[in-house]
Amino acid sequence: MSEFSIFLASLILLGIFVVFCVSVDLASVVRKRRLIKPVEFFAPKGFSPIDVALTYSARRVKANALFTPLLLYWADQGYVTVEEDGRGLKITKQKWLPPFEESGRADRDTYDCELTLFREMFAGHDAFYTLAAPKSVNDTYDETMNECKKISRDVVGKKGKWFSLAMKIAAAVVLLIIGLIMSLYTKVPVALVMVFPLIGAFLIKFMPAPFYIRVPFMLVWGGVPLVAALFLIPLPTTFRIVLGLAVLALLLTVFVFAEQADFRDEEALKDYAKVCSFKQFLTVADKNRLEKLVEEFPDYFYDVLPYFYVFGITKKMKKKFDRIIPDGSLRILGPIRDIYID
């Protein structure tokens, strides 16, 4: 088998694999976009910020950014009050979260995550200071958010999980096959070198460590052997190109393609449609429409404020609500209201 034949065969194999991944992702996107989205002025009933974030973003949820919307949600529900203090924000417990059966919440798993964090924050005292949070609270928050990330893997449905797994396995197999063929041709252990970026790509995604630790680990563990294979080991230029493309395809699969495979069941799709409609209303509603809602529901701003953070639209919504929030509606944040919409 000639060098060009190996090069061409590898490109065809990579092309088939990428087309497969893109086709699956397009099918899942088209399926969601065909949904009929009713107009929603509020988040779906029983949905906390965690529920909305998981429904909207699925595996792409940024679990480490859920504390502020959770805090505002608890304040809106009357569980806590928030005020500025010399030690940051002072969060005062007004009442405990009710049992799940009495909470009106839609999902038991996300409720349990919130309850665990709430209990740790107010264990033995009624006030929690954000700038003086004990290590136990920080650890509990990390554990809670990791649990949310685990829950997010189930949001896409069984079919989505299978497609995601199939993509990752196929990416690993393609990389190793290409490395093995090149190893046999050049008598150089290319396949062995490719194991390092392969392991690194999966570890950086799933290892239980902060991002600032995982990234350097990936760069050293997977990057050094890859650079050695591409620049130090005597390989034909065509082989170096293919190996680089194969590793790129692996990384795209682990971090992009596999994350987009979303085939939830019909009931979950209805919830997704409601959440999308809710976001769309917030972003496109004009000032007059919002003024009418605030007149009808004086606390509307506070009811929807937590979800500004979930959707990443705080700055846009600040401009809309800046002059229409009733001055008397200060039951949650009082004079520090503007801190949360800057």
Side-chain angles (χ1 to χ4, degrees), residues 20-21 24-35 37 43-67 69-70 73 97 100-101 103-118 140-172 201-209 211 214 252-279 306-307 309-312:
F20 163 71
C21 292
V24 171
D25 288 348
L26 283 176
S28 66
V29 169
V30 169
R31 184 169 178 262
K32 289 193 294 185
R33 289 192 174 181
R34 286 179 176 174
L35 293 170
K37 300 180 179 66
K45 186 176 180 180
F47 273 45
S48 76
I50 292 181
D51 297 308
V52 171
L54 291 174
T55 300
Y56 184 71
S57 301
R59 293 194 193 94
R60 294 173 288 110
V61 66
K62 296 179 179 178
N64 61 343
L66 287 174
F67 182 72
L70 260 183
Y73 175 75
L97 270 63
F100 174 74
E101 292 76 15
S103 66
R105 291 287 301 280
D107 186 90
R108 182 63 181 257
D109 292 334
T110 57
Y111 171 83
D112 288 343
C113 287
E114 289 179 39
L115 182 61
T116 299
L117 178 61
F118 194 90
T140 299
Y141 179 75
D142 290 339
E143 292 171 6
T144 301
M145 294 304 103
N146 286 333
E147 186 62 31
C148 289
K149 288 294 291 184
K150 292 179 182 178
I151 296 173
S152 72
R153 297 170 195 167
D154 295 324
V155 172
V156 297
K158 292 182 179 180
K159 191 175 181 180
K161 291 173 67 176
W162 279 111
F163 269 121
S164 177
L165 180 61
M167 288 181 187
K168 293 171 184 174
I169 293 175
F202 283 93
L203 283 180
I204 193 176
K205 183 67 178 178
F206 300 111
M207 69 186 298
F211 193 70
R214 288 181 289 154
L252 286 175
T253 301
V254 174
F255 294 99
V256 180
F257 295 147
E259 300 297 291
Q260 301 294 330
D262 190 340
F263 293 89
R264 16 189 143 186
D265 60 34
E266 293 301 323
E267 195 61 35
L269 279 177
K270 291 179 182 178
D271 290 334
Y272 175 76
K274 291 179 181 179
V275 168
C276 288
S277 175
F278 176 45
K279 179 190 177 183
Y307 307 100
Y309 289 86
V310 173
F311 297 133

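Counting from 1, the numbers follow the sequence of the chain as shown. The structure displayed is predicted, hence computed values, not measured ones. Heavy-atom basis, side chains included; hydrogens, waters and symmetry copies ignored.
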Can you tell me if Lys149 has over 12 outside heavy atoms packed within less than 6.0 Å of its NZ? yes
I'd like to check Tyr73 versus Glu114 (side-chain heavy atoms, cut-off strictly below 4.5 Å). Are they in contact? yes
Quick note, side chain to side chain donor-acceptor pair (under 3.5 Å) partners involving residues 160-171, not counting sequence neighbours, are Asp154-Lys161
Taken to the nearest 0.5 Å, the spacing of Cys148 SG from Ile151 CD1 works out to 5.0 Å
Can you find a heavy atom in the side chain of Lys62 that is under 4.5 Å from one in the side chain of Met145? no
Side chain to side chain contact (heavy atoms under 4.5 Å, CB included), that's the test. Do Phe163 and Val156 meet it? Break it down for me. CA-CA 10 Å; Phe163 269 121; Val156 297; over 6 Å; no
Kindly indicate whether the side chain of Glu147, heavy atoms from C-beta on, has any atom under 4.5 Å from the side chain of Asp109. no
Identify the heavy atoms of Ser152 and Leu54 that sit nearest to each other, and give their distance. CB-CD2, 3.5 Å
Could you tell me which non-hydrogen atom of Thr144 sits nearest to which non-hydrogen atom of Cys113, and how far apart they are? CG2-O, 3.2 Å
Please step through side chain to side chain contact (heavy atoms under 4.5 Å, CB included) for the pair Val275 and Phe311, ending with a clear verdict. CA-CA 10 Å; Val275 168; Phe311 297 133; 3.9 Å; yes
Considering all heavy atoms of both residues, which atom of Ala65 and which atom of Tyr141 are nearest to each other, and what is their separation? N-OH, 4.2 Å
Smallest separation among heavy atoms of Asp51 and Gly46, with atom names: OD2-O, 3.6 Å
Could you please spell out the steps behind the side chain to side chain donor-acceptor pair (under 3.5 Å) verdict for Asp25 and Ser28? CA-CA 5 Å; Asp25 288 348; Ser28 66; 4.7 Å; no
Counting only pairs under 3.5 Å, give me each side-chain donor-acceptor contact of residues 252-269, with atom names and distances, residues two or more places apart or in other chains.
unit_1, atom_1, unit_2, atom_2, d
Thr253, OG1, Ala249, O, 2.7
Glu259, OE1, Lys205, NZ, 3.4
Asp262, OD1, Arg264, NE, 3.0
Asp262, OD2, Lys32, NZ, 3.3
Asp262, OD2, Arg264, NE, 3.2
Asp262, OD2, Arg264, NH2, 2.8
Arg264, NH1, Thr55, O, 2.8
Arg264, NH2, Thr55, O, 3.1
Asp265, OD1, Glu267, N, 3.3
Asp265, OD1, Ala268, N, 2.8

With no hydrogens and no angle check, is any side-chain donor or acceptor of Tyr56 less than 3.5 Å from a backbone partner on Lys279? no
Report the distance from atom CZ of Phe100 to atom CG of Asp112, rounding to the nearest 0.5 Å. 8.0 Å
To check you understand the geometry: which heavy-atom pair defines the closest contact between Pro69 and Val310, and what is its length? CB-CG2, 4.1 Å
What are the two closest heavy atoms between Leu66 and Pro49, and how far apart are they? CD2-O, 4.3 Å
